[in-house]
Amino acid sequence: MNEREIKSFFSGELLQWYKQAKRDLPWRRSRDPYHIWVSEIMLQQTRVDTVIPYFTRFMAKFPTVTALAEAPEEEVIKAWEGLGYYSRARNLQAAAREIAENHGGRLPDDKSVVAGLKGVGPYTSGAILSIAFGRPEPAVDGNVMRVLSRYFCIDEDIAKPATRIGMEGLARELIPEGEASDFNQALMELGALICTPKSPSCLPCPVMAHCQGRLAGRETELPVKSKAKPPRPEHRLAALLQDAEGRVLVRQRPESGLLARMWELPHVAAPERGVWDSASEGSALLAASMHAEGLAGVRAESLRHVADAEHVFTHLHWHLRVLGAGGGQGRDAEAAVAAEAVVAAAAAEAAAEDQAGYRINASASLPTGYRWIDAADFERLAWPNVFSKLLSAHFSGTLYEIAPKR
DNA sequence: AAGCCGGGGCT
DNA sequence: AGCCCAGGCTT
C-alpha cells in the first residue's frame, strides 16, 4: 500500500466506524452553533464525563447567545464553578456579547469571525466550523495528535507548536469530501475510546491494519511529548475567622490573574516552610498579615489549627494550613497557640470586645473586597474547589473530617 | 518559546 | 501519593 492508499483507508474506515460507534452526547443532539461552541469551550482541557452535567445546566440557564450576553458575570462564573480555567467562562461571555451586538445573536458561518472570538484558538475554530457548519477545516486537539502520531508513526514532539501546525496540514488532507463534521469528531472519538494515552485498545481499532506506529511496535511510545515543569510549592496560611453570629470572613480575589474575581478565605504565603510548620510563627504571621490588611482584632494567640488542604494548579501547588478563631466552634485539633504579641495593640482592643478571639465592631468597616458570609451567601458566590470544600464542610459542621490527623 | 491559567482520573 | 491528561492567552 502506498501513502495515498494508507490515508484513504484511514479516512474511510474511521468514518464508517464512527457512524456506528459514536456516543450519544448532549451537544450531538443539536446542530445549533451556540451549543457546539459552548461544548467546545467546556471541552478544552476537560473530559466529556465532567462536561456533561455542566453543559446541561449551562444551556438551561443560558439558552441563547443573547441570554448569556445579558447575564451578570458572577452568574456565569458560578455556573462554571468547579470546571476550572475560569478565563474560559469570562472569554465565552465576552464573545457572546460581541456576537449579540454585531451579529444579531447568531454565530456566523464565517471563519474570520469565529477564529477572532475571545477564547477561540486554532482547535476550537476548526471544531466549530466543521461541526456546526460542515466546513472542511481541521480540528487538532490532543486526541487527534495522539492518533495521527501513532497511525503515521510521527515522532515529533507534540508539545511544540510547529508539530501542531504540521498535524493540521495532515488532518486537512484526510477529511473526506462533505464529511468534515463526522470525520473530525471520529478522530477525537477514536482518541477518547480506542487510541487512549496509556494502553491503546488496538484489536478493536478500525484502522489497526495499517497503523504505522503499531506495525513498528511503537504504539505505546507514541506520541512523543516533552515534560512540563513540576508545579512550584507554596506554603500558605489561611484564616477561618467568625463573628459572633458564626458568619465567616472571606474576600474576593483581584480582577485579573489566578482565580480572578472568585471568593476565598484570606490567606498569606509563608516565607519559608519552617514558619508554616510552626504553630506560633504561623499564627503570628497570619495575624500580622490580617492586621496589615486593616483587620484590627486578630489575636495570634487565639488562632488554632483547624484543617490542612491542598490545591494543585498546573504551575503551582498550594499547601494550605487553615487557622481558625471565633464563633462558637469549640473543637480544637491542636493545642492552643501561644504566639508573640505581634498584634498587641489590636489585641487589647479586641480582648475587651470579644473573648472568643476575633470580632469586628459592627460599625467598623471591612477593607475593600472583604465581607462576612453565612451559609446562604456561600451558595451564591463562586469559589475555587479548595475553598468550596472547606467552607461547605465548615457550614455543615463536618470540617473535622478534613482536619489534620494529629 | 515559556509561563500562566484548574481540575480529575488512573495506577 | 505520584503519575498523566489537555487549549488559549500573555509576555
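Distance, A:Lys229 NZ to B:dC4 P: 7 Å, rounded to whole Å. Between the CE atom of A:Met145 and the P atom of C:dG7 there is a distance of 7 Å, given to the nearest Å. Atom CZ of A:Arg88 is separated from atom C1' of B:dG7 by 9 Å (rounded to the nearest Å). C:dG8 atom P lies 14 Å from atom CH2 of A:Trp37, rounded to whole Å. In this structure, the CE atom of A:Met42 is 22 Å from the P atom of B:dC5, given to the nearest Å. Whole-Å rounding puts the A:His319 NE2 to C:dA1 C1' distance at 12 Å. Regarding A:His317, its NE2 atom lies at a distance of 17 Å from the C1' atom of B:dC5, rounded to whole Å. Rounded to an integer number of Å, the gap from A:Leu92 CG to B:dC5 C1' is 16 Å.
A:Phe62 has its ring centre less than 6.0 Å from the ring centre of A:Phe58. A:Trp263 and A:Phe378 have their aromatic ring centers separated by at least 6.0 angstrom.
Counted by atom type alone, A:Ser283 and A:Glu301 present zero donor-acceptor pairs between their side chains at under 3.5 Å. Under the 3.5 Å distance criterion, with hydrogens and angles disregarded, no donor-acceptor pair is assigned to the side chains of A:Gln252 and A:Tyr370. A donor-acceptor pair shorter than 3.5 Å cannot be found between the side chains of A:Asn91 and A:Arg88.
The side chain of A:Lys389 sits closest to B:dG8 out of B:dG8, B:dC4, C:dC4. Nearest to the side-chain atoms of A:Gln45 among the listed nucleotides C:dG7, B:dC4, B:dG3 stands C:dG7. Checked against C:dC5, C:dC4, C:dG7, the side chain of A:Thr124 finds its nearest nucleotide in C:dG7.
Taking each heavy atom of A:Lys111 and A:Glu137 in turn, the nearest pair found is NZ-OE1, 3.2 Å. Listed here is the closest heavy atom pair of A:Glu293 and A:Pro367: O-CG, 3.1 Å.
One finds no side-chain N or O of A:His315 lying less than 4.0 angstrom from the OP1 or OP2 phosphate oxygen of B:dC4. At C:dC4, one or more side-chain N or O atoms of A:Lys227 fall inside 4.0 Å of OP1 or OP2 (strictly under the cut-off).
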Listed pairs, N/O of protein and of nucleotides 9-11 of chain B, under 3.5 Å:
none

Using a cutoff of under 3.5 Å, can you pull out all pairs of nitrogen or oxygen atoms linking the protein to nucleotides 9-11 of chain C, with atom names and distances?
unit_1, atom_1, unit_2, atom_2, d
C:dC9, OP1, A:Gly119, N, 2.8

Margin query: For a side-chain contact (heavy atoms from CB on, under 4.5 Å) check, start with the C-alpha distance between A:Arg251 and A:Leu265, then their side-chain angles and the critical distance, and finish with the verdict.
Written below: CA-CA 6 Å; A:Arg251 70 181 179 194; A:Leu265 292 177; over 6 Å; no
Next item on the list: For A:Asp308 and A:His319, run side-chain contact (heavy atoms from CB on, under 4.5 Å): C-alpha distance rounded to whole Å, both residues' side-chain angles, the deciding distance at 0.1 Å, then the answer.
Entry: CA-CA 7 Å; A:Asp308 282 340; A:His319 299 268; over 6 Å; no
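Among the atoms of the strands shown, none is found under 4.0 Å from any heavy atom of A:Lys160. Nucleic acid contact class of A:Thr46 (heavy atoms, under 4.0 Å, all strands): base. Residue contacts shown for A:Lys225 include a base, since a base heavy atom lies under 4.0 Å away. Counting non-hydrogen atoms under 4.0 angstrom, A:Asn143 reaches the backbone sugars and phosphates but no base. Among the protein residues, A:Arg90 comes within range of no part of the nucleic acid, since none of its heavy atoms lies under 4.0 Å from any strand.
For A:Trp17, there are no ring-ring contact (aromatic ring centres under 6.0 Å, His included) partners two or more places apart in sequence or in a different chain. Residues passing the ring-ring contact (aromatic ring centres under 6.0 Å, His included) test with A:Phe387, sequence neighbours excluded: A:His267.
Annotation: cation-pi pair A:Arg57/A:Phe55 absent, no NZ/CZ under 6.0 Å from the ring centroid and within 45° of its normal.
Closest-nucleotide positions on DNA chain B for A:Val312 and A:Arg232 were compared, and the one nearer the 5' end corresponds to A:Arg232. Each of A:Trp383 and A:Ala162 lies near DNA chain B, and the nucleotide nearest A:Ala162 is the one positioned closer to the 5' end.
Using bins of under 30°, 30° to 60° and over 60° for the plane-to-plane angle, the ring pair A:Tyr151/A:Phe9 lands in the parallel bin.
Screening A:His235, A:Glu234, A:His311 against A:Trp318 for a side-chain hydrogen bond (donor to acceptor under 3.5 Å, both in side chains) leaves a single residue, A:Glu234.
Within a 6.0 Å sphere centred on NZ of A:Lys118, other residues, nucleotides and ligands contribute 12 heavy atoms or fewer.
For the P atoms, the distance from C:dC5 to B:dC5 is 23 Å, rounded to whole Å.
Within a heavy-atom distance below 4.0 Å of DNA chain B, the residues of residues 78-87 of chain A found are A:Gly82, A:Leu83, A:Gly84, A:Tyr85, A:Tyr86. Taking every heavy atom of residues 252-268 of chain A and every atom of DNA chain B, pairs under 4.0 Å involve A:Gly257, A:Leu258, A:Leu259, by number.
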